[in-house]
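Please read these numbers as outputs of a predicted model, since none were measured by experiment. Order of the sequence lines sets the chain letters (A, B, ...), proteins ahead of strands, with each chain counted from 1.
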Number of protein chains: 2
Amino acid sequence: MVVHGLSEDDADRIFHALADRTRRDIVTRVLHAEQSVSDLAERYSMSFAAVQKHVAVLERAGLVRKVRRGREQIVHAGLDVIHQAKSLLESYEHLWRHRVARIDALLAETDTTQGD
Amino acid sequence: MVVHGLSEDDADRIFHALADRTRRDIVTRVLHAEQSVSDLAERYSMSFAAVQKHVAVLERAGLVRKVRRGREQIVHAGLDVIHQAKSLLESYEHLWRHRVARIDALLAETDTTQGD
DNA sequence: CCCATGTACAACCATCGAGTTGTACGTTAG
DNA sequence: CTAACGTACAACTCGATGGTTGTACATGGG
């Protein structure tokens, strides 16, 4: 039934990670092209440590992964987790459709039993 | 290009609202069936005021809407906003595919010019 | 080897967020 | 009208978060 395969803790981490515009921007950037942490840090008007923390939050959520290359740490997008988050929201929409169907069925049934 | 139509502030509010499991649970419940705030409050082991605050956060994000019915406040799901949030994540996936296509094109070009 | 680079991490500060309790207000049933 | 119900909101506590600076450590180039 649950296709997204996310625990409540996963969802907590993922949505919390996405709830910050700097972090969403980082995700967008690494989706375009993988970059080192310092490459990313140059783009923002905050300290390197702050950007590092944002990357850490994204990493804990699985939205991003780091791979060493020499002395740099290259940040990759965690495509699978993005997909899972999308699936979760999709399941909300399905829930709604299912409910509408249920109500339709109920109305139809009331309709048929109305002649009693 | 941007199909979801969400501002950065919108996205902040939406993802922040979804980053709490109680609030996600409330969304799930009202997707199943609209309920009053006190109906919802009965389901959780926290104060009425706390649940009220959660509903307010969801409302500010547009994930939920309240409509007065007598002395009760009925909570409805904000289906459109859920859909917009899904679209945003979808656009991330598209970004990725676009990038892969770009790289493919680049490799192909390098391939053709290699015979020069 | 040595220094600059890229990173990691701790300590600190201010603000925010989630929860509480208490009070006030409108609405409906008697 | 009055009492109970459902809601709204302010004030408070306390832990989490986003930001800072400072220090330490590994690695690659000259």
Side-chain angles (χ1 to χ4, degrees), chain A residues 7-30 33-78, chain B residues 8-30 33-78 85:
Chain A
S7 70
E8 287 298 304
D9 295 282
D10 289 338
D12 282 353
R13 280 189 283 267
I14 292 169
F15 288 121
H16 168 248
L18 290 173
D20 181 285
R21 63 192 68 190
T22 301
R23 287 196 288 261
R24 285 195 303 275
D25 196 70
I26 290 176
V27 169
T28 307
R29 285 187 192 278
V30 302
E34 300 140 351
Q35 335 188 17
S36 71
V37 179
S38 35
D39 283 342
L40 287 169
E42 280 175 13
R43 257 76 173 197
Y44 305 99
S45 59
M46 61 183 83
S47 69
F48 173 84
V51 175
Q52 206 181 2
K53 276 194 189 179
H54 282 306
V55 172
V57 171
L58 288 167
E59 199 181 11
R60 256 177 267 130
L63 286 163
V64 127
R65 275 180 214 136
K66 288 190 299 184
V67 176
R68 272 226 107 81
R69 194 177 65 193
R71 54 184 163 189
E72 293 178 314
Q73 198 83 265
I74 306 300
V75 183
H76 301 253
Chain B
E8 287 298 303
D9 295 282
D10 289 338
D12 282 353
R13 280 189 283 266
I14 292 169
F15 287 123
H16 169 248
L18 290 172
D20 180 285
R21 64 192 67 190
T22 301
R23 286 196 289 261
R24 286 194 302 275
D25 196 71
I26 291 176
V27 169
T28 307
R29 285 188 193 278
V30 302
E34 300 138 352
Q35 332 186 21
S36 72
V37 179
S38 35
D39 283 342
L40 287 168
E42 280 175 14
R43 256 78 173 199
Y44 305 98
S45 59
M46 62 184 80
S47 69
F48 174 84
V51 174
Q52 206 180 3
K53 276 195 188 179
H54 282 307
V55 172
V57 170
L58 288 168
E59 200 182 10
R60 257 176 266 129
L63 286 163
V64 128
R65 275 181 213 135
K66 288 190 299 185
V67 176
R68 273 226 108 82
R69 194 176 65 192
R71 54 184 165 189
E72 291 178 314
Q73 199 81 267
I74 306 300
V75 183
H76 301 253

query = A:M46 has a side chain; which of D:dT20, D:dG18, C:dT20 sits nearest to it?
reply = D:dT20
Spacing of A:F15 atom CZ relative to D:dT17 atom P, expressed in whole Å = 17 Å
task = Answer yes or no on whether A:R13 is positioned over the face of B:F15, meaning its NZ or CZ is under 6.0 Å from the six-membered ring centre and within 45° of the axis.
result = no
ask   = CG of A:L40 versus P of C:dT7: gap in Å, rounded?
value = 9 Å
query = Contact class for B:R23 vs. all strands (heavy atom < 4.0 Å): base, sugar-phosphate, or nothing?
reply = sugar-phosphate
key: Separation of atom CZ in A:R71 from atom C1' in D:dT27, rounded to whole Å   = 6 Å
inquiry  = Just checking A:R29: does its CZ atom have more than 12 heavy atoms from other residues, nucleotides or ligands closer to it than 6.0 angstrom?
reply    = yes
ask   = Hey, is the side chain of A:H16 poking within less than 4.0 Å of OP1 or OP2 on C:dA18, counting only N and O atoms?
value = no
inquiry  = In this structure, how many angstroms lie between the P atom of D:dC5 and the CZ atom of B:R68, rounded?
reply    = 17 Å
message = Whole angstroms only, please: what is the CD-P distance between A:Q73 and D:dT27?
response = 11 Å
task = Using a heavy-atom cut-off of under 4.0 Å over every strand shown, decide if A:S38 touches base, sugar-phosphate, or nothing.
result = sugar-phosphate
query = Which is true for A:S36 with a 4.0 Å heavy-atom rule: it touches a base, it touches only sugar-phosphate, or it touches nothing?
reply = sugar-phosphate
task = Rounded off to whole Å, could you give me the CZ-to-P distance for the B:R69 and D:dC5 pair?
result = 18 Å
request  = For A:F48 and for B:A49, locate the closest nucleotide of DNA chain C by heavy-atom distance; then report the residue assigned to the nucleotide nearer the 5' terminus.
outcome  = A:F48
note = Testing C:dC9, C:dG19, C:dT21 for proximity to the side chain of B:S47, the answer is C:dT21
task = Please check if any side-chain donor atom of B:R23 sits under 3.5 Å from a side-chain acceptor atom of B:H54, or the reverse.
result = yes
query = To the side chain of B:K53, which of C:dT21, C:dG19, C:dA4 is closest?
reply = C:dG19
key: Short side-chain N/O contact from A:H54 to OP1 or OP2 of D:dG19, under 4.0 Å   = yes
note = Between CG of A:D12 and P of C:dG17 the distance, given in whole Å, is 16 Å
Backbone of A:A41 reached by a side-chain donor or acceptor of A:S38 within 3.5 Å = no
request  = Ignoring hydrogens and angles, tell me if any N or O in the side chain of B:Q73 forms a donor-acceptor pair with the backbone of B:S36 under 3.5 Å.
outcome  = no
query = In whole angstrom, what separates A:Q52's CD from D:dG19's P?
reply = 14 Å
ask   = Is any side-chain nitrogen or oxygen of A:K66 closer than 4.0 Å to OP1 or OP2 of C:dT7?
value = no
